[in-house]
Amino acid sequence: MIIKSEEEITHMRASALLVSNTLAMVAGELRAGITTLMLDQRIHQFICDHKAIPSFLNYHGYPFSSCISVNDVVVHGFPNSKPLKEGDVISIDVGVVLNEWHGDHAYTFCIGEPSTAISNLIRVTKESLYKGIEKAVTGNRVGDISFAIQEHTEKKHGYGVVRELVGHGLGKNLHEDPQVPNYGKRGSGPKLKEGLVLAIEPMINLGKKEVYTDQDGWTVRTKDAKVSVHFEHDVCVRKDQAEILSDYTPIEAAERLNQNLFPSAPVKLFA
Ligand code: MF3
Ligand code: CO
C-alpha cells in the first residue's frame, strides 16, 4: 500500500482531472450514429494533445485507448465500428499517465431518454459510488467502502454486484494495492491511511451478478444479457472527509447540454 505525499497528490489531481475533461469532451460528442471506435480516436487524440499517455493502450496487450462498454458489456469493451443507437447504455472508462502519475475513471451515459429501470440503475450506481467514497477516511477499512456499495445496490435495490472485478489503489501504477471490492464485510480488510489513493468503481448489473469474458479475452458481459453500469472516481483518503480527485461536474454539464443525450436539454438557438 503506497501512501502519496501532498506533492504527489497534486500531480494525481491533475491526472484525474485530465480524465474528467476527456470524458466531458466525449459527453459532448455522444449521439446516435457515432461509433465507439470514433470516440476512442477522439479520446486518444485528446489525451495526447494534453501531453499525456493513454494508459490502457497496450496494458497487458489491451488494444485501445479507452474501454467502451455498451448495454450488457460490463467493462473492458473494445471500441468498434457499430453505430450507437437510441437507448444504448454506454460506460466509458479512460486512463492517462500525466507526469508519470495515473488517472483512471469512468462514467455511464445513455443515448436518449432511458427507461425508468435503466435511469434508476444509473442513479443508484452513482449514489453507491458516493456512499463508498464517504467511507474512505483514515481509520476505516477497505471493507467499509465495499459494504456501503453492496448495501445500497444489492441489499436495497436488488441489483447484481459483479464479484470478479474490483477497484484498486492508483499511483505510478494503474493497479496498486489494496483491491477494493464492491461487496464485503464492514470493518474487514486493510486499514485506510491518509494519502492512499483509490480508484473506487462499482460495476452493477440490472439483473444477476454473474458475468463471463468473450472470445476476445477482454470483453466482460452479463450472463443474463441485461444492462450493466459502471462509475469510477479517483479518491484520496483523508482524515475527516475523502477528497475526490476526479470531477464529474464538467461531464454532467456537457451531458445535460447534449440534446442527443437529453432530448429535454435547452435548444441552442444561436451558435
Ligand atoms: N479502469 C479499468 C481498471 O481499473 C480499466 C483498465 S483495463 C485496461 O481495471 F486494460 F483497459 F487497461
Ligand atoms: Co480502474
Side-chain angles (χ1 to χ4, degrees), residues 1-2 4 12-13 15-20 22-23 26 36-37 39-41 43-44 46-48 52-70 73-80 90-98 101-109 125-126 128-130 132-133 136 142 145-146 149 161-183 196-204 211 213-221 228-237 242 244-248 251:
M1 202 152 96
I2 306 169
K4 278 80 188 176
M12 293 199 71
R13 214 176 276 121
S15 305
L17 289 179
L18 175 55
V19 176
S20 308
T22 308
L23 290 170
V26 172
T36 53
L37 200 56
L39 295 174
D40 184 70
Q41 285 161 1
I43 289 167
H44 183 97
F46 190 91
I47 295 168
C48 296
I53 300 160
S55 59
F56 294 175
L57 187 60
N58 300 322
Y59 182 80
H60 292 282
Y62 186 79
F64 297 95
S65 295
S66 60
C67 301
I68 306 189
S69 305
V70 181
V73 180
V74 179
V75 285
H76 304 164
F78 282 2
N80 61 44
I90 306 132
S91 307
I92 306 185
D93 194 347
V94 170
V96 304
V97 185
L98 178 64
W101 293 94
H102 281 264
D104 163 30
H105 81 98
Y107 195 90
T108 297
F109 302 91
T125 303
K126 204 196 262 191
S128 80
L129 171 57
Y130 288 103
I133 290 171
V142 168
I145 300 173
S146 308
I149 295 170
V161 175
V162 175
R163 302 297 202 265
E164 288 82 350
L165 298 137
V166 297
H168 50 93
L170 186 72
K172 285 216 169 183
N173 305 292
L174 177 56
H175 295 128
E176 297 183 356
D177 284 341
Q179 294 197 352
V180 186
N182 297 304
Y183 59 94
L196 177 66
V197 177
L198 300 172
I200 304 178
E201 48 180 322
M203 290 152 264
I204 308 297
V211 300
T213 305
D214 264 4
Q215 297 288 342
D216 63 22
W218 282 99
T219 310
V220 178
R221 291 180 190 272
S228 185
V229 159
H230 180 209
F231 283 93
E232 179 176 21
H233 259 315
D234 300 338
V235 174
C236 180
V237 174
I244 308 177
L245 304 179
S246 37
D247 187 4
Y248 281 169
I251 306 168

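Atoms within each ligand, like the ligands themselves, are counted from 1 in listed order. Keep in mind that what you see is a predicted model, and the values were worked out from it rather than measured.
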Under 4.0 angstrom from ligand 1, any heavy atom of [X]?
X: H76; answer: yes
X: A199; answer: no
X: H105; answer: no
X: W218; answer: yes

Quick one: sort the [X] and [Y] rings into parallel, tilted or perpendicular, breaks at 30° and 60°.
X: F109; Y: Y107; answer: tilted
X: F78; Y: W218; answer: tilted
X: H105; Y: H233; answer: parallel

Heavy-atom pair of closest approach, residues L18 and F46: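 Closest approach of L18 to F46, heavy atoms only: CD1-CE2, 4.0 Å.
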Counting C-beta onward and ignoring hydrogens, is there a side-chain heavy-atom pair between [X] and [Y] closer than 4.5 Å?
X: T219; Y: H76; value: no
X: F231; Y: E201; value: no
X: D104; Y: H168; value: yes

Minimum-distance protein heavy atom relative to [atom]:
atom: atom 9 (O) of ligand 1; answer: H175 NE2, 2.9 Å
atom: atom 1 (N) of ligand 1; answer: D93 OD2, 2.6 Å
atom: atom 11 (F) of ligand 1; answer: C67 SG, 3.3 Å
atom: atom 6 (C) of ligand 1; answer: F56 CE2, 3.7 Å
atom: atom 4 (O) of ligand 1; answer: H168 NE2, 2.8 Å

Within-cut-off N or O pair, S55 and ligand 1, under 3.5 Å: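 By distance alone, the answer is no.
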Say whether Y59, considering both its backbone and side-chain N or O atoms, lies within less than 3.5 Å of an N or O atom on ligand 1.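 No: no nitrogen or oxygen of Y59 is under 3.5 Å from one in ligand 1.
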Looking at [X], which of its N, O or S atoms is the nearest one to the Co ion (ligand 2)?
X: H168; result: NE2
X: D104; result: OD2
X: E232; result: OE2
X: E201; result: OE2

Return the CD1 to OH distance between I149 and Y130, rounded to the nearest 0.5 Å.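 Answer for the CD1-OH pair, I149 versus Y130, is 12.5 Å.
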How long is the straight-line distance from CE of M12 back to CG of L98, given to the nearest 0.5 Å?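 That separation rounds to 11.0 Å.
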Between T36 (side chain only) and I68 (backbone N and O only), is there a donor and an acceptor less than 3.5 Å apart?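 No, T36 side chain to I68 backbone: no donor-acceptor pair under 3.5 Å.
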Interfacing atoms of ligand 1 (cut-off 4.0 Å, heavy-atom, [X]):
X: E232; value: 1 (N)
X: Y62; value: 10 (F), 11 (F)
X: E201; value: 1 (N), 3 (C), 4 (O)

With a 6.0 Å cut-off (strictly less than), is the heavy-atom count around CD of E176, excluding the residue itself, greater than 12?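 Enclosed: over 12 neighbouring heavy atoms sit under 6.0 Å from CD of E176.
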